[in-house]
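Note sheet for the following structure.
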Amino acid sequence: MNTTKSVPVITIDGPSGSGKGTISRLLARELGFHFLDSGALYRLLAYAADRHGIDLADCDSLVRLSGDLDIRFPADGEQVLLDGEPVGDRIRTEAAGAGASRVAALPEVRRALLQQQRNFRREPGLVADGRDMGTVVFPDARLKVFLTASSEERARRRFNQLKEKNINSGYEAILQEIQARDARDSQRSVAPLTPAEDAVVLDTSGQTIDATFQCVRDLLKKRLNP
Ligand code: DC
């Protein structure tokens with residue numbers, strides 16, 4: 001019997017820059033739930049592969065490496081620890097995102113990371129952020145949200161985020177990278193980026209984070225007290 005099935009999960013999926021990371025963190029903090037940043041798992045795997053000199057197309061080595069990684073998300077949700085060491089913003093660059101998108105397209109890698117992701121489901125609950133949280137990893141989630149926004153708006157947000165972190169990237173390059181990543185993430189054969197049939201799709205173009213957060217809260221309230 002799988003007792004974790006009774007632990008509530010809220011999934012927030014969507015393309016990069018849709019606001020899902022910020023909304024998921026806010027929600028996890030407000031509810032006192034655990035938080036899974038599944039994109040960070042793929043980013044960490046690509047980053048660790050680079051450190052070990054493993055080619056991002058070498059599926060067998062990537063699967064072995066994924067089993068050896070010691071990954072922790074501390075309660076503040078900001079600094080991911082790899083083998084006990086904070087990796088900081090090294091996994092947040094556009095290059096790291098592109099590497100993550102490449103390893104994430106490999107079916108064997110996704111299979112290897114599936115149970116690791118499900119292990120984050122613990123009392124009192126979990127907010128899971130990613131691309132396939134509602135479709136593949138937690139199909140029985142209590143609430144599934146799919147956030148989206150135009151690629152131009154997402155590129156603008158990413159540009160501003162990176163600027164705040166003193167990471168210099170041009171807007172046009174970010175836009176191209178986002179569009180290339182969207183195409184790779186949507187067209188891959190396994191777990192492509194697509195809303196679950198029972199997900200609520202919210203377009204966040206032109207919306208503030210506060211407005212989107214309020215919308216998600218309202219959805220949750222309705223779901224918990226129908
Ligand atoms: O959310 P993010 O930008 O940190 O994700 C980085 C890459 O990882 C993204 O391009 C696609 C991949 N990814 C995925 O395939 N499945 C997930 N659940 C999360 C991320």
Side-chain angles (χ1 to χ4, degrees), residues 9-25 28 35-50 56 59 62-63 66 69 71 73 77-80 82 87-121 126-139 141 144-149 151 153-155 157-159 161-162 165 167 169 174-196 199 204:
V9 178
I10 298 161
T11 58
I12 315 268
D13 286 306
S16 78
S18 58
K20 65 190 163 59
T22 310
I23 296 293
S24 307
R25 280 197 175 86
F35 171 60
L36 165 62
D37 173 0
S38 61
L41 295 183
Y42 293 98
R43 286 171 182 268
L44 281 163
L45 180 59
Y47 170 74
D50 188 49
L56 294 188
C59 210
L62 287 170
V63 168
S66 73
L69 297 181
I71 295 170
F73 296 105
E78 297 293 338
Q79 276 279 355
V80 184
L82 176 62
V87 291
D89 288 335
R90 276 168 287 172
I91 58 161
R92 299 291 165 198
T93 62
E94 289 309 292
S101 170
R102 281 185 62 198
V103 300
L106 302 169
E108 294 83 353
V109 166
R110 300 197 75 85
R111 214 170 302 129
L113 289 179
L114 192 58
Q115 193 54 46
Q116 286 198 28
Q117 294 174 84
R118 290 186 173 151
N119 290 343
F120 280 85
R121 186 175 197 166
L126 175 71
V127 178
D129 152 1
R131 303 290 191 291
D132 61 342
M133 298 295 98
T135 48
V136 176
V137 184
F138 302 108
K144 300 178 185 179
V145 177
F146 189 92
L147 295 183
T148 184
S151 53
E153 168 129 359
R154 291 185 285 122
R157 291 176 187 169
R158 184 66 86 205
F159 176 77
Q161 260 176 8
L162 291 174
K165 291 179 177 172
I167 300 173
S169 283
I174 293 175
L175 179 60
Q176 274 180 20
E177 181 51 47
I178 278 190
Q179 287 171 340
R181 193 131 63 92
D182 281 357
R184 201 162 39 222
D185 293 343
S186 316
Q187 288 158 15
R188 67 180 176 223
S189 59
V190 270
L193 174 64
T194 186
T204 68

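First listed ligand is number 1; within each ligand, the first listed atom is number 1. Hydrogens, waters and symmetry mates play no part in the numbers below; they use all other heavy atoms, side chains included. In this chain, residues are counted from 1 in sequence order.
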| Worked verdict on Arg154 versus Asp182 for salt bridge (charged side-chain N to carboxylate O under 4.0 Å, His left out) | CA-CA 11 Å; Arg154 291 185 285 122; Asp182 281 357; 2.5 Å; yes
| field | Residues in contact with ligand 1, criterion: heavy atom under 4.0 Å | value | Ser16, Lys20, Ser38, Gly39, Tyr42, Arg43, Ala100, Ser101, Ala104, Arg110, Gly130, Arg131, Asp132, Met133, Arg181, Asp185, Arg188
| Can you tell me how far CD of Gln179 sits from CD1 of Ile174, rounded to the nearest 0.5 angstrom? | 12.0 Å
| salt_bridge(Arg43, Asp37) N-O dist < 4.0 Å |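 Here Arg43 does not pair with Asp37 in a salt bridge, since their nearest N and O are not under 4.0 Å apart.
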| query | Charged N to carboxylate O below 4.0 Å: is that the case for Asp129 and Lys20? | reply |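 The answer is yes: the pair qualifies as a salt bridge.
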| Among all residues two or more places apart in sequence or in another chain, which pass the side-chain contact (heavy atoms from CB on, under 4.5 Å) test with Gln161? |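 Expected list: Arg158.
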| Side chains of Ile12 and Met133: does their closest heavy-atom pair fall under 4.5 Å? |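 No, their side chains stay 4.5 Å or more apart.
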